[in-house]
Structures are given as C-alpha cells and as structure tokens.
Amino acid sequence: MFLEWRLIFLGFMFVCSGLVQSFAYGVFAKEYVTNCLGVSQVGFVLLVLGLSNAFTSGVVGKIVKYVPRLVIVLIATSINVGLTVFLLLWERIPSYLMVFLFAIGWGFTGGVWNTLSSSFVGILYPMESEPAYSVARMWQAFGLAVGFVMSYFNSQAAFLYLLLGLLLITTVLYIVVEFKSQSRTQIFPCLIFCVRETAAASSIEEEELVARTESGL
C-alpha cells in the first residue's frame, strides 16, 4: 500500500495540504497578521480562516456531484498560486481588508485540499480504506511538520517558494491520477449528464414527431 503509485502521487496533495495549514497557523499569523494588524487581531483572522475552511468543505462536498472534481482542484490551485505570489510581492502595509480577504481565500483553498484529497482516497481504495487513509495522514503530518520547522527558522520567502513549486507539482500529479483512475463519466459528471439530458430530449421530440405524422396519415 505504501508503495502504490497512485497513493504516492496523492501523497503530494496531502503534503501540500499540511503545508497550507502550517503556513496559515504559523508564518501568516506570526509575520503578516501581527505585523499588519497587531497580535490582538490574530484570533479574529484565524477565526475567519477557519470558518472559510469549514464552509468550503461543506459546499465542495455538495457541488462535486455536479462540477468535475478536476475543475475544482484547478480553481483552488489558481487561487493558491495567486495568493502565494501576492504574499511574495506584498509590502505588508496595515490593511484589514487585505488580511481578511487573504484569510478567506486561504481558508477556501485549504477546505478544497482537505475535502477532495480525503474523498478521492476513499474512491480509489474502497476495500482498503484504513491503510490508505493511514498513509495519507502520514503525508499530511509530514507536511505540517516541515511547515512548522520552516516557521520556526523564520524563512517566509523559502516557505512560499517551496509551497509554490509543490502546488504546481501536486496539480500535475493529481491530473495524472485522475485520468488514469477514473472514467470520463466520473471525471466530467455534469457534461455527461447534460449530454444524456439532451439526447433524451431529442429522443422524446422525435417520438412526438413520428406520432403526429402517423396520426395525420
């Protein structure tokens, strides 16, 4: 199980999830919120981040039935990359709006990573869920540990560059696993549903037209 290629590829997703969480609760709270708003606002900002994370997890669990999982991952990756680049360029001027918007966006991406990574493991390993989840959580804990170690040594830029590179690698590996493991119906459920609905409607119209023609004769 530990050396199964799909779980190794998805392991990057869990490491990325751990890094995203550790950055939020470590570097972001310590170096950005404290410097821009003061230590008294750390709790409020992390509260907003946590609420965004929880709300996103619930919503993603519902819309994944209609929106392809791959599309959601690509949206989350784009937002995560944009926020990471923003932090690299930001001069950390005091701004409640920027800090809280970042917290909402970071919470959204964290909710996507947590929800989709866990659900995908369950889909891939329905009969071996316990060992699969154990390996996945090990990778997530590794990401958390690496993130908190980097936070301790106060290396914000290195952390952000590492996260940026890992996000891109994770997305590529996830796409490989998605297309190798799932059918087109599973990857694009909403498109297949629309095609089926269109085909059914066309069939009904044809039957009605034939019935009208026969009745006219």
Side-chain angles (χ1 to χ4, degrees), residues 11-64 72-121 133 136-168 170-171:
F12 283 84
M13 198 173 188
F14 283 93
V15 172
C16 187
S17 174
L19 283 174
V20 167
Q21 293 181 49
S22 61
F23 179 84
Y25 301 126
V27 174
F28 177 64
K30 175 184 175 184
E31 301 296 333
Y32 292 88
V33 180
T34 302
N35 289 347
C36 294
L37 305 181
V39 69
S40 62
Q41 301 299 314
V42 171
F44 292 108
V45 175
L46 293 185
L47 172 64
V48 171
L49 189 148
L51 289 175
S52 175
N53 193 307
F55 178 77
T56 301
S57 296
V59 171
V60 168
K62 297 293 185 182
I63 67 173
V64 76
I72 300 174
V73 168
L74 292 177
I75 292 173
T77 301
S78 302
I79 294 175
N80 232 154
V81 169
L83 292 174
T84 304
V85 173
F86 167 75
L87 288 182
L88 286 169
L89 302 176
W90 193 27
E91 297 180 357
R92 304 188 200 179
I93 57 176
S95 173
Y96 279 89
L97 179 63
M98 299 305 296
V99 171
F100 278 97
L101 283 179
F102 178 88
I104 293 171
W106 205 259
F108 168 81
T109 58
V112 171
W113 295 125
N114 289 335
T115 304
L116 293 188
S117 58
S118 298
S119 63
F120 201 28
V121 169
Y133 278 119
R137 295 307 174 191
M138 181 202 70
W139 285 117
Q140 188 174 38
F142 176 75
L144 281 166
V146 170
F148 284 124
V149 167
M150 296 189 71
S151 301
Y152 178 78
F153 289 105
N154 200 29
S155 52
Q156 302 99 307
F159 198 141
L160 290 172
Y161 281 118
L162 172 64
L163 185 58
L164 193 60
L166 188 61
L167 280 169
L168 300 177
T170 298
T171 304

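All values reported here derive from a predicted model rather than from experimental measurement.
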Side chain to side chain, [X] and [Y], heavy atoms closer than 4.5 Å:
| X | Y | result |
| --- | --- | --- |
| Val15 | Thr170 | no |
| Val45 | Tyr96 | no |
| Tyr161 | Thr84 | no |
| Leu87 | Tyr32 | yes |
| Val64 | Ser119 | no |
| Trp106 | Ile79 | no |
| Phe159 | Val149 | no |

Subject >> Audit row: Phe14, Val121, side chain to side chain contact (heavy atoms under 4.5 Å, CB included) steps and yes/no >> reply: CA-CA 11 Å; Phe14 283 93; Val121 169; 3.7 Å; yes
**OP:** Inspect the surroundings of CZ in Phe148 and state if more than 12 heavy atoms from other residues, nucleotides or ligands are less than 6.0 Å away.
**Re:** yes
**OP:** Indicate, with yes or no, if the rings of Phe28 and Phe102 have centres closer together than 6.0 Å.
**Re:** yes
Minimum-distance pair of heavy atoms, taken over all atoms of [X] and [Y]:
| X | Y | answer |
| --- | --- | --- |
| Thr34 | Ala29 | OG1-O, 2.8 Å |
| Gly18 | Leu144 | O-CD2, 3.4 Å |
| Leu162 | Met150 | CD2-SD, 3.5 Å |
| Ser117 | Met13 | CB-SD, 3.8 Å |
| Trp90 | Met98 | CZ2-CB, 4.0 Å |
| Val99 | Cys36 | CG2-CB, 4.2 Å |

**OP:** Give the C-alpha distance, both sets of side-chain angles, the deciding distance and a yes or no for side chain to side chain contact (heavy atoms under 4.5 Å, CB included) between Phe55 and Val60.
**Re:** CA-CA 9 Å; Phe55 178 77; Val60 168; over 6 Å; no
Original post:
Do Gln21 and Asn53 have side-chain atoms, one donor and one acceptor, less than 3.5 Å apart?
Top reply: no
Original post:
Does one side chain, of Ser57 or Thr115, offer a donor that lies under 3.5 Å from an acceptor on the other?
Top reply: yes
How long is the gap from [atom1] on [X] to [atom2] on [Y], to the nearest 0.5 Å?
| X | Y | atom1 | atom2 | answer |
| --- | --- | --- | --- | --- |
| Trp113 | Gln140 | CH2 | CD | 12.5 Å |
| Leu51 | Ile104 | CG | CD1 | 9.5 Å |
| Glu31 | Phe23 | CD | CZ | 9.5 Å |
| Thr171 | Leu74 | OG1 | CG | 7.0 Å |

**OP:** Please lay out, stage by stage, how Val33 and Phe44 fare under the test side chain to side chain contact (heavy atoms under 4.5 Å, CB included).
**Re:** CA-CA 10 Å; Val33 180; Phe44 292 108; over 6 Å; no
Is a side-chain N or O of [X] found less than 3.5 angstrom from the main chain of [Y], in a donor-acceptor match?
| X | Y | result |
| --- | --- | --- |
| Tyr25 | Leu46 | no |
| Ser22 | Leu19 | yes |
| Ser52 | Phe108 | yes |

Original post:
Should the pair Trp139 and Phe142 be assigned to parallel (<30°), tilted (30 to 60°) or perpendicular (>60°) ring geometry?
Top reply: perpendicular
Original post:
Among Asn114, Asn80, Val81, whose side-chain contact (heavy atoms from CB on, under 4.5 Å) with Thr109 holds?
Top reply: Asn80
